[in-house]
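Reminder, nothing fancy here: chain letters follow the sequence lines and each chain counts from 1. Owing to the predicted nature of the structure, the values given are computational and were not obtained by experimental measurement.
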Amino acid sequence: MESLVFSAVRKKIAEWGEDAEVSVSLEIPRQESHGDFSTNAAMQLAGRLGKKSRAVAEEIVSALREEDRRGRFASLSIAGPGFINIVLSEEFWREVLTVALEKGPRFGASKVGEGKTVHVEFVSANPTGPLHVGHGRGAAVGDALARILEFTGHKVVREYYINDVGNQMDNLGRSLFSRYRVLCGRSADLPEDGYRGEYMIELARDFRVEVGDRYADVPEEEALPVFRKEAGDRILRGIRDDLASFRVTYDRWFAERDLHDRGLVAAALADLRERGQLYETDGATYFRSQALGDEKDRVLIRADGRTTYFAADVAYHRHKLREGFSRLIDIWGADHHGYVPRLRAALRGLGEDENRLKVLLVQFVTLIREGKAVQMSTRSGEFTTLREVLDEVGVDAARFFYLLRSFHTHLDFDLTLAKTQSRNNPVYYIQYVHARICSVFREAEAQGKALNGHPPLSLLVFPEEVRLMKAVARFPDVVSECAKTLEPHRIPFYLLEVSDLFHAFYHQHRFLGESPERTQARLALALGVKTVVASGLSMIGVTAPDRM
RNA sequence: GCGCCUGUAGCUCAGGUGGAUAGAGCAGCUGCCUUCUAAGCAGCUGGCCGCACGUUCGAGUCGUGCCAGGCGCGCCA
């Protein structure tokens with residue numbers, strides 16, 4: 001559709017013998033009265049040709065008229081400084097609606113990603129405590145992107161990287177041991193930087209129910225391996241359950257431990273060493289990251305011989321690239337942004353194409369309740385968990401609110417608004433469209449007017465009807481735009497637009513009670529709307545209810 | 001000090017590769033339910049797009065410099 005007009009304009013440019021370097025754009029004007037499409041071609045070309053832009057526009061318009069053998073252009077006009085405004089025939093939009101009805105749930109699906117494999121790593125919170133609201137945003141964004149990429153033909157692997165190695169796990173084990181000892185009636189102090197959240201006490205209680213006081217008097221160093229593992233495993237299980245409740249599932253859970261056990265960290269280090277990227281100072285092994293764009297060189301092996309977290313991460317990304325993914329997408333919290341340059345440096349140091357890696361930094365979330373920010377602090381264990389938010393506002397509202405904002409900006413998550421089951425809540429506004437259409441279909445069925453055969457779409461002539469057809473037709477472009485920019489928030493915004501148009505139509509016109517032909521045509525239109533709404537909602541992981 | 005993100009209506013935010021009169025929700029004010037779901041519709045009020053230069057036919061959008069907020073700058077993960 002767009003491409004049709006575009007190529008026609010392009011062709012004219014070529015006929016003039018101009019180099020095609022001129023940047024000509026074709027866009028959907030903000031103002032409805034400026035047509036369905038608009039191009040600035042004449043203004044771009046006028047300077048080059050040394051002619052008046054309106055004169056150039058005249059020539060392009062007449063050329064377009066010749067080109068248009070199938071009568072797709074309802075009108076072509078020149079406006080302002082030389083814009084060419086194009087109005088497509090209503091027949092054109094009916095054709096697109098027909099396509100939407102034929103394709104159903106596959107409408108908007110594409111093959112742009114065919115043959116491409118994408119690895120999406122997201123959340124990957126350390127297994128030291130339950131997921132909080134910030135993780136929820138990463139989960140919503142990562143999952144939505146995965147769904148969008150799949151819909152556009154990519155082969156997607158979703159992965160959770162588990163940081164189950166390092167000081168923090170010892171700390172976690174000690175914290176659990178301490179809580180456990182207290183429950184057993186022994187005295188015990190929490191470690192200095194121990195995890196002091198309420199959940200640790202619950203974990204200790206659960207564990208004690210299973211093993212009794214067996215470890216109560218075992219020396220800490222001896223008990224530690226057991227407690228470290230128990231704590232990590234149990235917390236990870238909780239994370240997995242929370243994510244499942246949030247409708248987020250993974251294809252793989254990748255443990256950092258495995259990288260070490262399989263020798264992948266050593267292999268990555270050896271690789272870098274061979275490429276001359278390492279050197280030693282003060283007993284530690286450094287990576288020459290500064291020369292590759294980082295602000296300074298980074299330690300990979302500490303003076304005491306242990307590898308750093310960064311070393312494992314280098315190995316992890318090297319491993320993923322070697323699996324052959326066309327593209328790696330890492331979704332991180334904004335607090336990790338300083339880490340990006342060193343990781344890119346690592347890829348370059350390994351001789352890999354750093355452009356295969358895309359890191360998306362998701363900005364922070366502030367919970368708002370009754371107009372005031374809810375304070376959070378992971379250290380003291382006082383934070384709002386994802387679970388609590390889900391219990392309070394529900395999965396649909398939570399996912400929707402997380403995705404309603406571009407992840408580049410801070411998110412104020414208004415719990416009070418998300419929770420209201422009223423007209424104020426935009427989730428319901430959209431879901432209501434779906435429920436209303438289903439209701440209409442039920443009623444049509446009951447009256448023996450169900451949709452069948454080939455509805456006479458030529459009866460769709462009212463402005464509200466044409467606007468809806470255009471909105472439905474835009475869906476494939478919205479989806480592919482999301483896949484290109486990796487910006488899922490465009491989906492909810494599109495859905496809100498469609499919903500606006502539908503509710504306006506619904507209020508002004510009736511589906512049933514018109515002539516049988518008109519009823520058929522409008523039911524077809526409703527089905528088209530239902531299709532894109534259901535499809536769009538599924539893209540962001542929100543349900544499309546049949547009734548509300 | 002350096003780096004990343006952000007600055008648009010009272011509040012929260014949209015504004016495809018620069019385009020024509022800058023949009024939505026909330027909040028506030030008016031109207032509309034004997035008709036397929038009022039979780040809805042129609043309307044009103046509300047703007048120096050942080051500030052200043054620059055690029056050009058044309059800037060919320062691009063560049064530079066300020067100002068403000070958030071987040072980072074470990075042989076932690």
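- Using Watson-Crick or G-U wobble geometry with both donor-acceptor distances under 3.5 Å, B/A77 finds no partner in any strand shown.
- Between the side chains of A/Tyr429 and A/Asp500, at least one donor N or O lies within less than 3.5 Å of an accepting N or O.
- B/U45 and B/U64 have their P atoms separated by 40 Å, with the value rounded to a whole Å.
- Remark on RNA chain B: of its neighbouring residues A/Ala79 and A/Glu256, the 5'-side contact belongs to A/Ala79, judged by nearest-heavy-atom nucleotide.
- In this structure, A/Tyr339 and A/Phe310 have perpendicular ring planes: the angle between them is above 60°, well past the 30° mark.
- Between A/His489 and A/Phe493, the ring-plane angle classifies as perpendicular under the 30° and 60° cut-offs.
- When the P atom is compared between B/A52 and B/C48, the two are found 12 Å apart, to the nearest whole Å.
- Between A/His507 atom NE2 and B/G43 atom P the separation is 11 Å, expressed in whole Å.
- The separation of B/A9 from B/G19, taken at their C1' atoms, amounts to 23 Å, rounded to a whole angstrom.
- Across the C1' atoms, B/G60 and B/G18 are found 10 Å apart, a figure rounded to whole Å.
- Comparing B/G10 with B/C53, their P atoms are spaced 24 Å from each other, to the whole Å.
- Of all nucleotides listed (B/A20, B/C13, B/C36), B/C13 comes nearest to the side chain of A/Thr409.
- A side-chain donor from one of A/Tyr279 and A/Asp297 sits under 3.5 Å from a side-chain acceptor of the other.
- In this structure, B/C71 forms a base pair with B/G3, meeting either the Watson-Crick or the G-U wobble geometry with both donor-acceptor distances under 3.5 Å.
- Of the candidates A/Lys320, A/Arg344, A/Lys358, A/Lys320 is the only one forming a salt bridge (Lys or Arg N to Asp or Glu O under 4.0 Å) with A/Asp330.
- Atom CD of A/Glu445 is surrounded by 12 or fewer heavy atoms from other residues, nucleotides or ligands within 6.0 Å.
- Closest to the side chain of A/Ala504, from the set B/A42, B/U17, B/C36, is B/A42.
- If you check B/G23 for Watson-Crick or wobble pairing at under 3.5 angstrom, you find it paired to B/C13.
- Pairing for B/C49 is absent, with no Watson-Crick or G-U wobble pair whose two atom distances lie under 3.5 Å.
- With P as the reference atom, B/G7 and B/U12 are 12 Å apart, rounded to whole Å.
- Of the candidate nucleotides B/U12, B/C41, B/C4, B/C4 has the atom nearest to the side chain of A/Leu361.
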What string of B, S and - do you get for nucleotides 71-76 of chain B, 5' to 3', when a contact is any protein heavy atom under 4.0 Å?
-> BSSSBS
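- Side-chain contact annotation: A/Tyr494 with A/Glu481, donor-acceptor N/O pair under 3.5 Å absent.
- B/C67 and B/U56 have their P atoms separated by 28 Å, given to the nearest Å.
- Look at the P atom in both B/C26 and B/G43: the space between them is 14 Å, to the nearest Å.
- When both pairing distances are held under 3.5 Å, B/C41 makes a Watson-Crick or G-U pair with B/G31.
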Protein-nucleotides 21-24 of chain B N/O pairs closer than 3.5 Å?
| from | atom 1 | to | atom 2 | distance (Å) |
| --- | --- | --- | --- | --- |
| B/U21 | N3 | A/Gln31 | NE2 | 3.4 |

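- Taking a pair to require two hydrogen-bonding distances under 3.5 Å in either a Watson-Crick or a G-U wobble arrangement, B/C62 pairs with B/G54.
- In this structure, A/Arg436 satisfies the cation-pi test against A/Tyr506, with its NZ or CZ atom closer than 6.0 Å to the six-membered ring centre and inside 45 degrees of the ring normal.
- Aromatic rings from A/Phe462 and A/His509 are positioned such that their centres are separated by under 6.0 Å.
- Looking at heavy-atom distances under 4.0 Å, A/Phe310 makes no contact with the nucleic acid at all.
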